[in-house]
Amino acid sequence: MTQDSASVTGAAAAGAAGSGPGPGTDAAGAAAEKKPDQELGSKAPAFIKRSRALHLSWQVGVFMVGLAVVGAGVAMLVLPGPGWVVIFAGMAIWATEFVWAQLVLRWTKRKVSEAAQRALDPRVRRRNIILTTIALVICTALAAVYFWKFGLTMPWEIERQ
């Protein structure tokens, strides 16, 4: 068995393991995993895949770059910056080489699509608009009462009466 056939067989086995019926899977997810243009496995150039040592070095490099990007994204969760976007960019870097990252990315894309569809549901949108309107009315009423009672004076400058 050659290196290329072994990687294709491993990718097919990993795809078969991830596409079976299980918790959280649906027909759309299984159909998306069977598309030929979304093949699982390494996206490294052919000349890199030919040499085992070069391919392993390539995988280590991709892993380190992805780890640096994911680490920066985790830091951005508490620091200023688009933390989750950077974390998913790191996952996309890993997904160019590792099947597990490709499966995680597919699952995440499916869940985000489902959440977007739920958010676009007219009943949910109507409820959100009503709740937002109620919250704005309450905040406006509280601000009006504050300005009526104290004017533009800040609370720490209000004299005791």
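Residue indices begin at 1 and follow the sequence shown.
At least one donor-acceptor pair closer than 3.5 Å links the side chain of Gln102 to the backbone N or O of Ala95.
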Verdict with supporting geometry, Glu97 and Phe63, side chain to side chain contact (heavy atoms under 4.5 Å, CB included): CA-CA 8 Å; Glu97 200 57 36; Phe63 182 78; over 6 Å; no
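Put simply, the side chain of Lys109 does not reach to within 4.5 Å of the side chain of Arg106, judged on heavy atoms. The closest side-chain heavy-atom distance from Tyr146 to Leu142 is not below 4.5 Å. Residues Arg118 and Val124 form no side-chain contact, since every pair of their non-hydrogen atoms from C-beta on lies 4.5 Å or further apart. Residues Ile87 and Val69 have side chains not in contact (no heavy-atom distance under 4.5 Å, counting atoms from C-beta outward).
The minimum heavy-atom distance between Met76 and Gly83, with the atom names listed, is CB-CA, 3.6 Å.
By the rule that hydrophobic residues join a cluster once side-chain heavy atoms approach within less than 4.5 Å of another member, Trp84 and Val74 end up as members of one cluster. A continuous path of Ile, Leu, Val, Met, Phe, Trp and Tyr side chains, each step under 4.5 Å between heavy atoms, connects Phe98 with Leu54, placing both in one hydrophobic cluster. One hydrophobic cluster holds both Met64 and Val62 under the rule that ILVMFWY side chains link at heavy-atom gaps under 4.5 Å. Residues Leu77 and Leu67 share a hydrophobic cluster, clusters being chains of Ile/Leu/Val/Met/Phe/Trp/Tyr side chains in contact below 4.5 Å. Using a 4.5 Å cut-off between side-chain heavy atoms of Ile, Leu, Val, Met, Phe, Trp and Tyr, with links allowed through other members, Phe47 and Val60 fall into the same hydrophobic cluster.
The line from OG1 of Thr133 to CD1 of Ile138 is 11.0 Å long, rounded to the nearest 0.5 Å. For the atom pair CD (Glu114) and CD (Gln117), the distance works out to 9.5 Å, reported to the nearest 0.5 Å.
The aromatic rings of Trp94 and Trp100 are tilted relative to each other, their planes meeting at an angle between 30° and 60°.
Counting side-chain heavy-atom gaps under 4.5 Å among Ile, Leu, Val, Met, Phe, Trp and Tyr, the cluster of Leu79 also holds Val78.
Each salt bridge (Lys or Arg N to Asp or Glu O under 4.0 Å) pair with one or both residues in residues 123-134, not counting sequence neighbours, appears once here: Asp121-Arg123.
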